[in-house]
Amino acid sequence: MNNKNVNSDFTLTCPIPISEYERVLLAHGGGGSLSNRLIGDMFVKHFNNDLLNQAHDGAVFKLGNQKLAFTTDSYVVQPIFFPGGNIGDLAINGTVNDLVCCGAKPLYISTGFIIEEGFPMKDLWRVVQSMKTAADKAGVQIVTGDTKVVDKGKGDKIFINTAGIGQVYEGLDINPRNCKAGDIILINGYIADHGVCIMSSRAGLTFETHIQSDSMALNNLLKDMLSVSKNLHVLRDPTRGGIASATNEIAAAANIGIKLFEDKIPIREEVKGACEILGLDPMYIANEGKILVFVPPDEADAVLKIMQQNPAGKSTAVIGEVCTDHKGMVTMETAIGSTRILDMISGEQLPRIC
Amino acid sequence: MKYVDEYRDGFLARRLSREIKKRLSRPWTIMEICGGQTHNIMKFNLEEVLPGELELVHGPGCPVCVTPLEVLDKAMYIASLPEVIFTSFGDMLRVPGSKQDLLSVKAAGGDVRMVYSPLDAVDLAAQNPDRQVVFLAVGFETTAPPNALAVQQAALRKLKNFSMLTSHVLVPPAMETILSSPSNRIQGFLAAGHVCTVMGYEEYIPIAQKYSIPISITGFEPIDILQGILATVTMLEEGRVEVENQYSRVVKREGNLKAKALIREVFTVCDRKWRGVGTIPMSGYRLSDAYRDFDAVKRFQVASFDANEPDVCIAGEVLQGLKKPFSCPAFSTECTPEHPLGAPMVSTEGTCSAYYRYRKQEHRI
């Protein structure tokens, strides 16, 4: 290029991905398709490497002759204390469960605190004690961390980031691409508890029956499952965006169809009632102690039974199957016997749910 | 769960479906005029259990969808003012105005908050005496009583910092506009159950007689809708022009008298522009003269806005039941729930959104 002919400065910059949005919206953090677009079109595309491009819950890689999993998550839930838990144990259980979904035994957790000036010390102590209890229960150690305090008004009480490292179980390869037609889909219990609990706490709603978050670590449940099966194909924790988003992501990644059965999906009466009043679809509501398990049909029964014997899986149920119809999409047989498409939610049903 | 499970019963649904097939001797076209019904027809894929000769057409039953662009642009303007806390139900936050939606105003620094009840907005005003709290009051007759109560409460509590941006719409004038159109194909109506819970159904009797259209006052659950369809088909097949009340567990002929009295005190009927349809005379509510001071347009002296819809959007024809979303060239390409061009794609009760969520697969084939 002949620089003498250039008579004005210009810089070559890449166009901003998803440039139809000038600003980041709450929906970009909602766990639905807008979130996925931000992550896919901006973060993954730009950071670009083999591990990231696998689009897993965490990165799985070999170090020497060990296979490790590494994941991170941030917690901004509002309110920070809610029935059944708080932001602290959520932060530990959430990252433990992400490692579980990589097929790993969780080992070490880091934790970063961003605390707003003026946050009561007694509340911080309560959060920290919960984190220790959750870590002990899950058998993990909090080995490193960071603390920042920001001016009053520049944070919202407390934000927590946790990252975790685990060792992948020998011979286990958890990946949506391992899904096969005929695979049975299980879930370890009642759906939508966490999201509805948070929503009710925020809206100041009280119901006759106390709805609690289902936040809990699922690593012991995985250990039990592995005692009867070495062929688990997919594990996924349906957090923001609920079961609908999680199954849609898997269907898209694996290019298979998923059929769910509405009347088989466990949901508490009081949660169903709350959803009806609040106009929410439970299939899109966050869970924090739930795991979707995709397993070959000949092993489904054994896995189901062993899960039901674990406290974290007492209400485990078969809720669907993998098929070759409608590849990339999820359908659900409704209570009245018709079939509906269960699409990915686009925006945000409930902001700051976890 | 009472009032839900028995109205989603598969056995009963199949029985009703068989009854409808048995009664049908020729094609009929029925319109439902309630967004909640549209949504459930799609969500439970009721058309799968109905005979092909029965065409269900979706009317302008989504108040979010018919809120005029001008009102949305006024809302954006008011919400951007630094002294304002702008409150609204969730659905309205993503409806696109001429340039942006309320969520974008929020992202740019406007104080936009979602509330579950207009009374929450009144409480916000009491708790924030140095701010102006505005509530976006959109809806059919269903939401008019709580909105009226909110204004009444604000007056009783002598709150000078609460106001309402009102865009209420009424069902019967919309039905008459559709039925008197030369291109009308509608032969029977499912009327909106919750609108009638408030207003009763006496005003539908002269409409039925004037246009020779049987009407079934219908609920929202799948069994309600199937029962409503069966009632309407039966009247059509028997040549009867009547108004029947399928939703009798909730709706009384005279409606809710206390609610109607409250509406009469706080609101006055006025002409109203319907997005995509045009101005329908005497089809909306505005605040009555006694409560005019609570009108946000007056409070903030908002000028008129000239609003322009995207050319490609056929919301108007979809809302009148003249076209289905699949006919729109932008459906699921340029126009999606993440990037809606018109209101029916944004609202969870909108026809385009329902088609996108539950019937996208058919469009691909």
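Below, read A as the first sequence line, B as the second, and so on, with proteins coming before strands; counting in each chain starts at 1.
For a residue to count as touching a neighbouring chain, one of its non-hydrogen atoms must lie under 4.5 Å from one of that chain's; by this rule B:A107 touches chain A with backbone and side chain alike. Proximity to chain B involves both the backbone and the side chain of A:S338, based on heavy atoms less than 4.5 angstrom apart. Contacts of A:E276 with chain B are made by side-chain atoms alone, with heavy-atom separations under 4.5 Å and no backbone atom involved.
In this model, no donor atom of one side chain and acceptor atom of the other lie less than 3.5 Å apart for B:T218 and B:D224.
Under 4.0 Å is where a charged nitrogen must lie from a carboxylate oxygen, and between A:D41 and A:R37 at least one such pair does.
In this structure, A:F159 has its ring center at least 6.0 angstrom away from the ring center of A:Y75. A distance below 6.0 Å separates the ring centres of A:H194 and A:F82.
Note: B:Y247 and B:H194 have tilted aromatic rings, judged against thresholds of 30 and 60 degrees for the angle between ring planes.
Ranked by heavy-atom pairs under 4.5 Å with chain B, the list A:T334, A:D263, A:T339, A:V24 is led by A:T339. For the set B:P222, B:A108, B:A13, the entry with the most heavy-atom pairs within less than 4.5 Å of chain A is B:A108.
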